[in-house]
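A short write-up of the structure that comes next.
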Amino acid sequence: MSYVDVNGKQIEVDEDGFICDPDLWNEEIVRCFARLEGVDELTDDHWKVIHYLRGYYRQFGIAPMIRKLCKETGFNLQRIYELFPSGPAKGACKLAGLPKPTGCV
Amino acid sequence: MSYVDVNGKQIEVDEDGFICDPDLWNEEIVRCFARLEGVDELTDDHWKVIHYLRGYYRQFGIAPMIRKLCKETGFNLQRIYELFPSGPAKGACKLAGLPKPTGCV
Amino acid sequence: MDDRETPLLDELEEGDWPSFVAELKRAAEKSAMSADLLRQIERSYADNTGHWKRGGIVGVRGYGGGVVGRYSAMPEEFPGVKEFHTLRVNEPAGFYYTTEKLRELCDVWDKYGSGLLNLHGSTGDIILLGTTTENLQPCFDALGEIGFDLGGSGSAMRTLSCCVGQSRCEHACIDTMDVTHDLTMNFQMEIHRPAFPYKFKIKVSGCPNDCAAASARSDLAIIGVWRDAIEIDQQGVAEYVDEGFDLFNRVIRRCPTWALDWDAEEKRLKLTSEDCVHCMHCINEMPKALRVGQERGAAVLIGGKAPVVKGAMIGWVLVPFMRLEPPYQELKDLIVQVTEFWAEHGKNRERLAELIDRLGMPAFLEGIGVEPCPQMVDAPRSNPYLFWREEEVKHA
Amino acid sequence: MDDRETPLLDELEEGDWPSFVAELKRAAEKSAMSADLLRQIERSYADNTGHWKRGGIVGVRGYGGGVVGRYSAMPEEFPGVKEFHTLRVNEPAGFYYTTEKLRELCDVWDKYGSGLLNLHGSTGDIILLGTTTENLQPCFDALGEIGFDLGGSGSAMRTLSCCVGQSRCEHACIDTMDVTHDLTMNFQMEIHRPAFPYKFKIKVSGCPNDCAAASARSDLAIIGVWRDAIEIDQQGVAEYVDEGFDLFNRVIRRCPTWALDWDAEEKRLKLTSEDCVHCMHCINEMPKALRVGQERGAAVLIGGKAPVVKGAMIGWVLVPFMRLEPPYQELKDLIVQVTEFWAEHGKNRERLAELIDRLGMPAFLEGIGVEPCPQMVDAPRSNPYLFWREEEVKHA
Amino acid sequence: MPKTDFGPPDYREMIPPIVRENYGKWRYHRIPRPGVLEHVSETGDVLSSVRVASPRLVSTDFVREICEIADKYCGGHLRFTTRHNIEFLVSDREKLQPLLDELEGRGYLIGGVGRAISNVVHTQGWIHCKSAVTDASGLVKSIMDELHDYYTGKKPVPAKLRIAVACCVNMCGACHCSDIAVVGIHRRVPRVNDDVVSKSCEIPSTIASCPTGAIRPNPKLKSITIAPEKCMYCGNCAAVCPAIDVMDPDTDGVSIWVGGKLSNARTTPKFSRLAIPYLPNHPPRWPEVTEAVKNLVEVWRQRAKPGERMGEWIERIGWERFFQITGIPFTEKHIDDFTHATTTFRSSMQFRI
Amino acid sequence: MPKTDFGPPDYREMIPPIVRENYGKWRYHRIPRPGVLEHVSETGDVLSSVRVASPRLVSTDFVREICEIADKYCGGHLRFTTRHNIEFLVSDREKLQPLLDELEGRGYLIGGVGRAISNVVHTQGWIHCKSAVTDASGLVKSIMDELHDYYTGKKPVPAKLRIAVACCVNMCGACHCSDIAVVGIHRRVPRVNDDVVSKSCEIPSTIASCPTGAIRPNPKLKSITIAPEKCMYCGNCAAVCPAIDVMDPDTDGVSIWVGGKLSNARTTPKFSRLAIPYLPNHPPRWPEVTEAVKNLVEVWRQRAKPGERMGEWIERIGWERFFQITGIPFTEKHIDDFTHATTTFRSSMQFRI
Ligand code: SRM
Ligand code: SRM
Ligand code: SRM
Ligand code: SRM
Ligand code: SF4
Ligand code: SF4
Ligand code: SF4
Ligand code: SF4
Ligand code: SF4
Ligand code: SF4
Ligand code: SF4
Ligand code: SF4
């Protein structure tokens with residue numbers, strides 16, 4: 001396991017940079033992760049996606065399917081990749097503090 | 001629908017003589033039904049079967065399978081027919097105030 | 001009864017095929033019940049729907065089945081069929097009768113019932129069609145006098161039936177009628193006092209032609225088969241060929257496993273016996289020349305049934321070969337094993353096939369103590385979802 | 001690297017079949033990653049188990065897939081494979097290469113990765129086996145320079161692949177390579193940015209021989225077929241026969257529908273074309289004399305997949321015949337219809353076949369607007385459990 | 001206690017002497033004329049069995065009549081077949097022709113043997129069953145009035161053809177494995193009387209009775225609810241629970257199934273498959289059903305090879321062509337969507353286009 | 001933004017001139033010697049393809065080596081087959097024999113064409129996959145070291161034979177439709193780390209991932225529980241949830257499946273069927289597996305008719321005899337008990353006793 005320094009706090013993440021204890025998640029962590037994922041500025045659109053993901057996960061215990069994410073946020077897939085260049089799973093879910101999605105490889 | 005006179009009370013039964021409203025069931029009814037089913041005297045053994053049937057029905061919402069009935073009461077099939085000459089379904093269940101069993105015809 | 005009362009049914013008196021309406025009328029002349037039956041049926045034809053009530057649990061003393069209760073839904077209009085129960089009467093094996101016995105039966109039935117009957121019901125019973133609750137017991141008693149007992153109904157072992165077998169068929173590998181009669185006598189308790197999760201049917205066919213339709217209609221089918229080579233009378237075959245019989249197209253090419261070949265020079269039919277799957281086709285086509293082998297016995301198939309609930313099934317091979325000689329102990333033991341397991345694990349109204357489907361064939365086989373064999377399957381499993389018992393894995 | 005470090009693997013350098021261990025060693029000479037890979041594999045051989053961690057979500061910017069992340073479970077011991085991700089590189093249709101292109105690829109891979117690769121992965125990709133997270137992006141960029149893009153991974157449309165088709169096969173009813181390339185270009189978005197419930201595979205075979213194994217390994221298989229009669233060069237057939245070819249046993253008898261017959265007098269092969277089910281057998285056996293017909297197109301089969309979760313499937317006929325000419329619009333529309341329906345109704349990790357199994361084929365067909373046809377089934381349903389739409393019943 | 005468990009008459013007392021003497025000794029048989037089987041024993045004895053159609057639903061007088069005939073020609077013995085035909089068993093060769101003459105004189109139909117259409121296995125229908133969607137006896141009579149020439153052998157057919165009729169999907173016959181099966185079906189979701197459910201229904205059994213899991217408990221009403229989109233009207237719930245009604249004369253109908261068989265000859269036993277999902281239920285003559293059955297028989301009769309049963313013929317020509325030739329439309333209803341549906345989908349390129 | 005979505009190299013730039021010129025014009029082919037295909041075009045052109053075995057897992061130097069050969073004899077063109085063989089494409093007839101000589105000289109195996117065993121389709125194994133029960137590459141090498149004579153044509157076989165190896169039941173190949181398939185299997189119920197589940201598992205997905213419904217939620221621990229009697233160790237839950245571990249070197253093993261195929265020639269595509277449920281996982285040479293595969297090949301080779309593939313041969317002689325001849329015991333494991341099990345039970349009297 002490795003650690004990411006978030007304003008001095010050591011946050012444990014797995015090899016892929018996903019947070020190990022989702023309970024530790026907070027907005028500062030997002031900002032820090034964002035930089036690592038190539039997101040320079042966190043806009044409202046970013047937050048919309050992040051909040052949607054967290055809400056969905058809290059309710060259903062799983063990450064939404066991408067199609068659902070697009071539908072509910074109103075962003076098409078292209079736009080999601082603009083917001084999160086490493087994609088919804090590697091990018092958005094990671095920032096939202098979700099467990100690694102189970103979509104297949 | 002027809003009615004059976006139980007000590008002056010008219011109890012509604014279907015063509016087969018099964019009680020229409022199981023909530024009306026009581027021991028007097030049993031005694032009356034018993035006569036109609038050719039059971040001359042209600043012994044402890046009879047009551048054991050009847051109480052078992054009612055208990056099971058209350059718990060599971062269905063009549064027990066015959067095999068279960070035999071096992072739990074300790075009476076073999078032969079004995080059940082001695083107690084209730086018209087058999088466990090037509091005889092015992094009817095006396096116990098259960099709905100008509102769904103075993104096939 | 002007035003002829004014009006049944007204009008719709010009357011149409012079914014026309015035509016060459018024997019008419020059940022004629023029979024209804026014949027009975028109606030003697031029986032008020034039958035007359036009302038005729039009227040109620042006419043009403044069904046007019047309304048396009050049946051007029052019987054659901055339910056009907058009636059019977060005779062000491063038995064849990066053998067009678068199907070039936071009440072008219074329009075008893076005021078058709079009082080004769082207010083109660084119109086049928087008695088299922090166990091047929092003699094092979095459906096053979098002396099006219100004397102049949103007449104006795106008719107007399108009893110004219111006395112206690114509608115005078116209408118089915119020869120036979122599709123399970124095999126003689127169906128005495130329509131009597132009152134009151135008449136059930138006396139009718140049963142009178143039947144007993146002439147040697148007719150009731151058959152099965154409800155969650156019981158049902159009346160057995162069989163093909164004509166050795167009594168009139170050259171193909172019979174087993175004595176179907178004797179097996180049927182013997183099992184029937186042996187399982188009287190199971191037939192008359194329902195104690196199973198659901199119905200349980202047994203039928204017996206003498207060979208794979210399955211003239212008793214056993215594999216589709218019985219939870220346990222007993223079907224005769226042999227395991228040595230087909231007996232070939234080469235002279236007989238040559239005669240067929242000489243008479244212009246198209247051996248190649250009628251037989252050789254249609255053998256499912258190409259087990260046969262014709263040696264034109266030697267005028268010999270060659271059989272690769274290990275390829276023969278006992279389909280009967282060649283024997284059926286040339287009964288004068290070919291004959292089932294000498295090592296005879298039966299296979300036991302299980303699970304045949306109609307569509308409800310999990311879909312229709314055609315019986316599955318449980319035992320590919322079993323010798324069958326009186327007193328058929330091995331067979332009886334197997335039936336007990338199977339029904340015991342089912343009675344123990346089956347749910348209410350769950351047929352044997354459905355139980356096996358739910359628990360898995362391996363679990364069932366283990367439960368009844370039968371060894372797996374390749375004849376049981378068309379092909380081994382294709383999915384990798386294998387179970388392992390703890391002992392097996394530990395030793396590895 | 002010391003030879004005695006890998007005694008177990010060394011045994012696999014013996015024998016005539018080309019050795020992957022030799023390849024590992026060749027790569028290990030140049031690459032520290034490969035050297036550690038070799039060591040870790042040796043350890044696996046000793047321990048009887050793999051030493052990779054689960055998980056691994058890494059990639060390149062702008063894509064959601066194309067890389068399979070992999071981390072060693074023993075990074076201290078084998079630091080070279082601490083990160084050991086594979087890049088799935090989309091192969092050119094038909095697996096044809098110029099040596100120039102292959103060399104360029106090798107150069108890039110020696111620079112950024114382990115120097116080990118699979119030609120090819122079983123989906124069809126070039127699998128570049130092992131690089132670090134850091135090197136992913138530069139490697140991808142360098143691949144782009146030489147014209148290699150990534151293929152699919154994750155819940156995406158996967159890299160397509162096909163048989164050699166018209167480029168080298170006389171049986172090809174469609175231009176498999178062009179279809180593959182065209183679809184690949186058309187569906188770049190779906191390949192690179194996973195947005196489906198699960199993986200979705202497409203493979204293309206030129207005829208029912210299915211040399212791309214499409215029907216077993218693709219959610220949507222495109223398989224060439226014709227619908228007029230097989231072209232018969234009678235002269236050619238006669239030559240086969242004259243040369244002693246056993247026409248009856250090798251062809252006529254093995255045609256699954258007995259569509260062929262040999263007229264020995266006229267020396268003509270007679271084809272009952274309506275009986276031909278395009279199995280290819282006769283054409284395969286006599287390629288010099290028989291040929292697929294002229295009205296050519298493809299069938300589309302859906303649902304092929306491996307065992308997990310509901311069991312393995314072989315593709316089911318969805319469209320029995322479709323003409324396939326560029327720009328393949330009908331086919332593309334169909335693919336969009338199918339994937340849209342699946343994306344809309346499928347659950348996470350539910351393959352197309354599993355969705356159809358869950359909802360029923362009739363509901364699926366209605367959903368994608370394809371008319372039912374008898375080619376879709378081996379036989380119509382046998383259970384009486386039919387659904388009726390309200391409109392249908394009302395009009396009755 | 002009354003006498004019980006004594007079982008049926010012993011067959012040994014029912015069989016005629018010739019059968020007793022040649023039991024297990026029959027060598028072969030031939031069919032000298034339609035409707036007659038001639039079994040030859042290794043003892044040299046010859047037994048002629050004359051097969052005659054029966055409506056199955058008969059009066060005692062009918063029985064007495066056939067007994068009378070059997071007394072006259074068969075030494076007082078007769079039998080019935082597993083398909084409900086009557087068989088007169090003639091051991092005295094002299095009596096065969098007179099028997100045939102008398103039977104014909106009385107209007108009996110002789111046939112059903114060998115390559116023929118035999119009697120129809122059927123069920124109770126409106127005569128006695130509470131579940132009957134249609135009337136089996138009436139359907140059989142209507143159909144066989146059209147087809148009896150194939151029974152008597154006046155018109156030859158390529159092979160045995162077994163027809164079965166069932167008045168509901170319980171299929172109290174071997175409909176599911178018949179060359180042609182006629183089955184009554186419902187098409188409307190059952191109506192539930194909640195009040196009666198709460199009193200006389202074993203709710204768990206009723207829920208378990210539904211093949212497609214369409215039934216949910218409705219605890220509020222102490223009743224159950226049927227999900228209409230899941231219900232395919234099999235009526236099994238109505239068999240289990242008296243408070244459920246599935247009958248509906250307006251929408252009930254008849255379906256037709258083809259290609260089943262049971263013998264193992266050549267091909268293994270086969271299920272019947274859906275041909276026509278719905279035809280109207282039109283007593284007393286069911287013209288649509290009769291017509292459809294006749295069409296199926298005719299199409300088969302004219303095209304099958306000798307010895308080829310319905311299902312074998314269809315498999316040879318392919319279901320694609322079966323639908324084309326018969327003119328029956330292929331619809332989404334023909335595609336299975338029950339438990340094992342996927343195993344019936346075509347997983348190959350072997351089809352006709 | 002970097003360049004994206006430009007797709008693979010265009011095949012038109014990859015194919016050799018002879019292919020470009022004869023695209024769609026090939027008339028027939030013949031197999032002049034094992035491992036060589038000769039395609040004849042309607043233009044008269046002849047293309048010889050020389051097929052050579054590849055370990056599939058190769059180094060860049062290997063690739064450079066084959067490129068060098070292709071430059072010398074094939075104008076700088078080559079291709080790979082769908083089963084990972086290398087094909088050298090020779091348009092200049094003169095160069096064919098020298099190419100063959102050079103290949104043989106360098107120790108390449110030429111073969112896999114026509115009636116032969118071709119290359120083994122296989123998977124990553126311990127080389128790269130986290131799910132690998134066994135090592136695919138090692139198994140392939142061990143098996144093919146025994147069978148290469150059937151690849152090169154030194155020993156002829158009756159028909160094509162396709163072998164596939166997969167390191168787990170995900171079967172990343174077409175194992176499920178191969179003449180012989182070798183598949184790694186687990187035999188122990190996975191272990192669950194409840195603590196990790198609660199943190200990094202999508203519980204609903206994990207529950208849904210189990211084919212047999214063995215997984216239940218365990219709300220108390222915010223985790224899940226596996227019912228051991230329902231689990232058949234497929235490992236799918238472990239693929240979905242990082243907290244589940246199914247690996248167990250002590251009990252893991254290898255299974256063997258036979259009789260699958262994919263072509264539509266003669267018979268329709270078939271699934272492979274279980275032959276041997278378990279053999280030990282014995283690297284580096286897997287003697288038990290190698291032996292078993294060889295036995296299967298030999299038995300088939302000696303008994304099948306010309307042109308008869310493994311599954312066709314088995315179906316002709318019957319599974320009963322297959323088990324008898326191969327000496328493989330038939331056990332309860334061979335009897336299906338998954339969803340469509342009942343459709344695989346023998347519903348006929350057609351069997352060998
Ligand atoms: C009388 C008979 C039809 C006939 O006219 O021949 C018959 C009549 C009934 N059958 Fe049957 N079955 C009859 C043979 C069959 C057969 C054929 C056989 O036994 O060979 C089958 C198919 C084989 C099988 O058992 O699967 C059959 C499958 C059913 C089923 C569906 C069972 C299933 O598992 O799918 C039911 C439904 C039920 O049990 O609730 C049923 C239920 C019924 C009931 C009892 C319906 C009911 O609940 O009231 C029918 C009573 C009709 C009546 O009022 O008399 N009957 N039933 C047959 C019995 C006659 C006899 O004893 O000889
Ligand atoms: C690399 C490859 C095997 C190979 O050595 O060739 C492969 C490797 C993996 N497959 Fe596969 N599959 C590969 C072709 C296949 C195929 C064959 C095909 O595509 O033609 C199949 C069967 C067809 C199918 O898709 O059903 C296949 C069926 C699976 C499955 C089971 C899917 C199912 O629905 O049954 C999984 C399980 C999963 O998705 O979690 C799977 C999962 C995997 C994973 C991603 C396992 C994992 O979760 O880590 C493997 C990654 C190994 C690694 O570390 O690189 N792989 N996988 C193949 C991809 C190479 C390529 O892109 O060219
Ligand atoms: C009398 C009867 C047995 C009984 O105990 O009652 C019987 C008797 C004979 N059957 Fe049968 N079968 C009888 C019902 C059946 C049934 C069951 C059914 O129809 O419900 C079958 C299975 C039907 C199916 O496959 O769907 C049946 C399938 C056969 C076959 C196989 C035909 C085929 O090619 O598929 C033969 C062989 C033959 O006819 O060549 C056969 C042959 C025979 C032979 C020739 C056997 C013999 O040598 O005596 C008998 C005369 C045949 C005939 O009628 O053409 N019997 N036979 C049954 C007469 C029924 C009827 O009245 O029509
Ligand atoms: C090169 C290749 C296509 C490609 O794009 O790479 C190919 C090429 C040819 N196949 Fe194939 N098949 C190729 C994989 C397949 C596959 C797929 C697989 O194995 O994964 C199949 C389906 C396998 C199966 O059924 O399980 C396949 C089933 C066939 C068949 C059917 C054989 C049969 O009787 O079942 C033929 C016809 C024949 O050989 O007579 C065939 C015929 C041919 C012909 C003769 C076609 C032609 O006229 O050019 C080619 C040479 C055959 C040969 O190698 O004997 N090809 N062929 C593949 C070579 C694979 C290899 O390296 O061995
Ligand atoms: S099943 Fe066989 S033994 Fe019985 S009557 Fe038919 S042909 Fe004869
Ligand atoms: S009984 Fe059937 S399988 Fe056996 S040889 Fe005769 S036709 Fe062939
Ligand atoms: S699938 Fe057909 S077209 Fe393609 S290579 Fe094979 S034989 Fe040729
Ligand atoms: S392609 Fe197949 S089905 Fe068609 S004629 Fe040739 S062998 Fe027969
Ligand atoms: S088929 Fe249905 S309606 Fe007819 S008798 Fe059987 S249960 Fe009754
Ligand atoms: S009719 Fe059949 S499908 Fe409909 S609810 Fe009742 S049992 Fe279920
Ligand atoms: S078969 Fe299993 S272990 Fe092998 S590569 Fe595929 S997923 Fe990995
Ligand atoms: S290993 Fe497979 S069967 Fe066992 S719990 Fe996991 S998913 Fe279910």
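Basis for what follows: all heavy atoms, side chains included, without hydrogens, waters or symmetry-related copies. In what follows, chains carry the letters A, B, and so on, assigned in the order in which the sequence lines appear, proteins first and then strands, with residues in each chain numbered from 1.
Rounded to the nearest 0.5 Å, atoms CG (L262(E)) and CZ (R217(C)) are 8.5 Å apart. For the atom pair CD (Q124(E)) and CG (N118(C)), the distance works out to 5.0 Å, reported to the nearest 0.5 Å. Here the NZ-OG distance, from K25(E) to S167(C), works out to 13.5 Å after rounding to the nearest 0.5 Å. Atom CG of D16(C) sits about 8.5 Å away from atom OG1 of T152(E), to the nearest 0.5 Å. One distance of note links CD1 of I41(C) with OG of S137(E); it measures 8.0 Å at 0.5 Å rounding. Taken to the nearest 0.5 Å, the CZ atom of F62(E) stands 12.5 Å off from the CG atom of L116(C).
With a 4.5 Å cut-off on side-chain heavy atoms, T98(C) and H77(E) count as touching. Residues T268(E) and I314(C) fail the side-chain proximity criterion, which asks for heavy atoms closer than 4.5 Å. Put simply, the side chain of V164(C) does not reach to within 4.5 Å of the side chain of E87(E), judged on heavy atoms. Side-chain contact between T4(E) and R193(C) is present, with at least one heavy-atom pair separated by less than 4.5 Å. Using a 4.5 Å cut-off on side-chain heavy atoms (C-beta onward), P18(C) and L109(E) make contact.
For R70(C), there are no salt bridge (charged side-chain N to carboxylate O under 4.0 Å, His left out) partners at least two apart in sequence or on another chain. Annotation: ring pair (Phe, Tyr, Trp, His ring centres under 6.0 Å) contacts of H84(E) (sequence neighbours excluded): none.
Both the backbone and the side chain of M177(C) come within contact range of chain E, each with at least one heavy atom under 4.5 Å from a heavy atom of that chain. For E91(C), the part sitting under 4.5 Å from any heavy atom of chain E is the backbone (N, CA, C, O) and nothing else. In this structure, the portion of C162(C) lying under 4.5 Å from any heavy atom of chain E is its backbone and not its side chain. At a 4.5 Å heavy-atom cutoff, the contact between S209(E) and chain C is made by backbone atoms alone. Both the backbone and the side chain of H128(E) have a heavy atom closer than 4.5 Å to some heavy atom of chain C. Both the backbone and the side chain of D10(E) come within less than 4.5 Å of a heavy atom of chain C.
Nearest approach of D135(E) to Y45(C), heavy atoms of both residues: OD2-OH, 2.5 Å. P8(E) approaches N90(C) most closely through the heavy-atom pair CB-O, 3.5 Å. Here the closest non-hydrogen pair linking P55(E) and F20(C) is CB-N, 4.0 Å. For the pair K288(C) and Y28(E), the tightest heavy-atom approach, listed with the atom from each and the gap, is CG-CD1, 3.3 Å. Annotation for R54(C) and A238(E): closest pair NH1-O, 2.7 Å, computed over non-hydrogen atoms. Residues G121(C) and R56(E) come closest through the heavy atom pair CA-NH1, 3.4 Å.
T49(C) places no side-chain N or O within 3.5 Å of a backbone atom of P249(E) that could act as its donor or acceptor partner. Judged purely by atom type and a 3.5 angstrom limit, K101(C) has no side-chain atom pairing as donor or acceptor with the backbone of M14(E). Panel note: side chain D149(C), backbone F6(E); a donor-acceptor pair is recorded below 3.5 Å. The closest donor-acceptor contact from the side chain of H176(E) to the backbone of K305(C) lies under 3.5 Å. Here the side chain of W126(E) pairs no donor or acceptor atom with the backbone of H51(C) at under 3.5 angstrom. Using modelled atom types, no side-chain atom of R266(E) and backbone atom of R254(C) make a donor-acceptor pair closer than 3.5 Å. For the pair D145(E) (side chain) and W17(C) (backbone), a donor-acceptor distance under 3.5 Å is present. For N48(C) (side chain) and N281(E) (main-chain N/O), a donor-acceptor pair under 3.5 Å exists by modelled atom type. The backbone N or O of S205(E) lies less than 3.5 Å from no partner atom in the side chain of R349(C), so there is not a single donor-acceptor pair. Within the 3.5 Å criterion, the main-chain N or O of S59(E) finds a donor-acceptor partner in the side chain of E23(C).
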Steps toward salt bridge (Lys or Arg N to Asp or Glu O under 4.0 Å) verdict (K261(E), D210(C)):
CA-CA 10 Å; K261(E) 78 185 272 269; D210(C) 196 3; over 6 Å; no

Test R285(E) against E14(C) for side-chain contact (heavy atoms from CB on, under 4.5 Å), laying out the working first.
CA-CA 11 Å; R285(E) 278 286 173 185; E14(C) 307 294 310; 4.0 Å; yes

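Residue E100(C) qualifies as open at atom CD: its count of foreign heavy atoms under 6.0 Å is 12 or below.
Listed options K203(C), H192(C), M280(C) were ranked by heavy-atom pairs under 4.5 angstrom with chain E; first place goes to H192(C). Taking chain E as the reference chain and counting heavy-atom pairs below 4.5 Å, the highest number among L143(C), L9(C), D178(C) is found for D178(C). Looking only at heavy-atom pairs under 4.5 Å with chain E, the residue among L12(C), L8(C), N209(C) that has the most is L12(C).
Remark: R79(E) is positioned above the aromatic ring of Y96(C), its terminal NZ or CZ atom under 6.0 angstrom from the ring centre and at most 45 degrees off the axis.
No donor-acceptor contact under 3.5 angstrom links the side chains of N264(E) and H278(C), judged on distance only.
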